[in-house]
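Step one of this worksheet: look at the structure below.
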2 protein chains.
Amino acid sequence: MNIGEVSKNTGLPAKTIRYYEDIGFVTPARGDNGYRSFSEKDQHKLVFLGRARGLGFSIEDCRTLLALYEDQGRASADVKRVAQKNLTEIDRKIADLQAMRGTLSHLVANCAGDGRPDCPILEDLGRS
Amino acid sequence: MNIGEVSKNTGLPAKTIRYYEDIGFVTPARGDNGYRSFSEKDQHKLVFLGRARGLGFSIEDCRTLLALYEDQGRASADVKRVAQKNLTEIDRKIADLQAMRGTLSHLVANCAGDGRPDCPILEDLGRS
DNA sequence: CATAAAGGTTCCAGTCACAGGAGGGTCAAG
DNA sequence: CTTGACCCTCCTGTGACTGGAACCTTTATG
């Protein structure tokens with residue numbers, strides 16, 4: 001398969017797939033014309049990576065997860081630890097955003113949003 | 001004031017303050033020794049910026065907000081629009097993270113996390 | 001058969017908002 | 001006089017791609 005078809009099948013942009021090759025996630029064969037030639041296995045790996053990224057795993061975590069995926073002798077504890085760490089990080093990000101949201105929505109609600117210059121949003125940002 | 005004191009007062013790293021000068025947020029005077037010399041007003045701007053960044057506004061939005069802050073003839077509608085856009089963006093990010101969290105917490109909860117290789121997390125990522 | 005569109009290739013630069021570090025100058029205390 | 005704490009500029013790196021230039025190959029069409 002050429003990169004375009006794999007892109008369509010996996011939902012990953014061709015640019016991203018080339019990048020994933022660069023960083024060693026896949027090593028597709030090459031045709032006589034220099035075009036990448038992806039196997040089913042390559043494509044399957046890319047689907048795996050797309051899902052892992054979609055769950056917020058970093059590239060380095062994806063590398064770990066992919067290695068575990070291909071290691072039949074893995075311990076599920078190793079997988080769980082990586083996932084748990086990511087989950088904790090996601091919770092932290094959510095909490096940060098909720099805090100921002102709390103303050104910001106309050107300020108927005110109290111701003112008249114008309115032609116006058118008085119604005120509680122700027123007052124809050126500039127309070128001494 | 002030297003950059004160190006301003007850093008302490010504002011909570012912003014000196015590196016960040018220099019960066020904010022680079023991008024035109026502040027233009028502190030310079031002493032004969034080449035050191036930056038910050039006025040109260042410079043410091044106040046930096047506090048403003050630190051708060052705005054803390055509420056998730058992008059650098060470009062901060063630029064807009066700072067300009068509005070210093071424009072006595074502003075319309076609060078302009079401020080509100082910027083803030084509302086940021087709020088919408090924050091909500092989108094929260095929703096994305098909540099979706100990840102939902103899937104991931106479910107998978108983590110179902111993973112034994114022991115020495116055996118069977119793992120619902122990898123099974124989900126690798127499903128065909 | 002010529003050509004044009006669509007797809008492929010590499011390589012370099014840009015994104016965002018800084019952080020780290022090298023290599024140096026300046027200032028206050030002992 | 002030296003030591004250590006500041007300060008300066010300039011360059012590079014971060015994460016995970018994305019955009020674009022310049023070029024080659026394949027496929028469809030007149």
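Worth saying up front: this structure is predicted, and the values here are computed from it rather than measured. Convention: sequence-line order gives letters A, B, ...; per-chain numbering from 1.
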> If you check every side-chain atom of A:Arg53, which of D:dA16, C:dA17, C:dG8 has the closest atom?
Replying inline: D:dA16
> Heavy-atom count around A:Arg92 CZ within 6.0 Å, excluding the residue itself: above 12?
Replying inline: yes
> Does a donor on one side chain sit under 3.5 Å from an acceptor on the other, for A:Ser76 and B:Asp114?
Replying inline: yes
>> Between B:Ser39 and B:Asp42, is there a side-chain donor-acceptor contact under 3.5 Å, judged purely by atom types and distance?
In response: yes
>> Before you tell me yes or no, could you show the steps for A:Asp124 and B:Arg51 under salt bridge (charged side-chain N to carboxylate O under 4.0 Å, His left out), namely the whole-Å CA-CA distance, both residues' side-chain angles and the distance that decides it to 0.1 Å?
In response: CA-CA 9 Å; A:Asp124 184 83; B:Arg51 291 217 186 95; 5.7 Å; no
> Within this structure, what is the CG-to-P distance between B:Leu46 and C:dC18, rounded to whole angstrom?
Replying inline: 12 Å
> Can you tell me how far the CG atom of A:Leu66 sits from the OH atom of A:Tyr20, to the nearest 0.5 Å?
Replying inline: 11.0 Å
>> Keeping B:Ser7 on the side-chain end and B:Leu12 on the backbone end, is there a donor-acceptor pair under 3.5 Å?
In response: yes
> Side-chain heavy atoms under 4.5 angstrom apart, residues restricted to Ile, Leu, Val, Met, Phe, Trp, Tyr: same cluster for B:Val79 and B:Val47?
Replying inline: no
> Going by number, which of residues 6-28 of chain B have a non-hydrogen atom under 4.0 Å from DNA chain C?
Replying inline: B:Pro13, B:Lys15, B:Thr16, B:Tyr19, B:Tyr20
> Which comes earlier along DNA chain D counting from the 5' end, the contact point of A:Glu60 or that of B:Asn2, where each point is its nearest nucleotide?
Replying inline: B:Asn2
Nucleotides 23-26 of chain C: which of its N/O atoms have a protein N/O under 3.5 Å away?
unit_1, atom_1, unit_2, atom_2, d
C:dG25, N2, B:Tyr35, OH, 2.9
C:dT26, O4', B:Tyr35, OH, 3.4

>> Just the rounded figure in Å: distance from C1' of D:dG15 to CD of A:Glu89.
In response: 13 Å
> Roughly, in whole Å, what's the span from CG in A:Asp32 to C1' in D:dT25?
Replying inline: 12 Å
>> Salt bridge check, B:Arg81 against B:Asp78: does any charged N sit closer than 4.0 Å to a carboxylate O?
In response: yes
> Under 4.0 Å between a side-chain N or O of A:Arg30 and OP1 or OP2 of C:dT10?
Replying inline: yes
> Which nucleotide sits closest to the side chain of B:Ile3: D:dC8, C:dT9, D:dC17?
Replying inline: D:dC8
>> Could you tell me how far apart B:Arg63 (CZ) and C:dC16 (P) are, to the nearest whole angstrom?
In response: 11 Å
>> What is the distance, to the nearest angstrom, from the CZ atom on B:Arg36 to the P atom on C:dC27?
In response: 15 Å
>> Output the rounded distance in Å from CD (B:Glu5) to C1' (D:dC7).
In response: 14 Å
> Rounded to the Å, how far apart are A:Phe38 CZ and C:dT9 C1'?
Replying inline: 12 Å
>> Which residues pass the ring-ring contact (aromatic ring centres under 6.0 Å, His included) test with B:Tyr35, not counting sequence neighbours?
In response: none
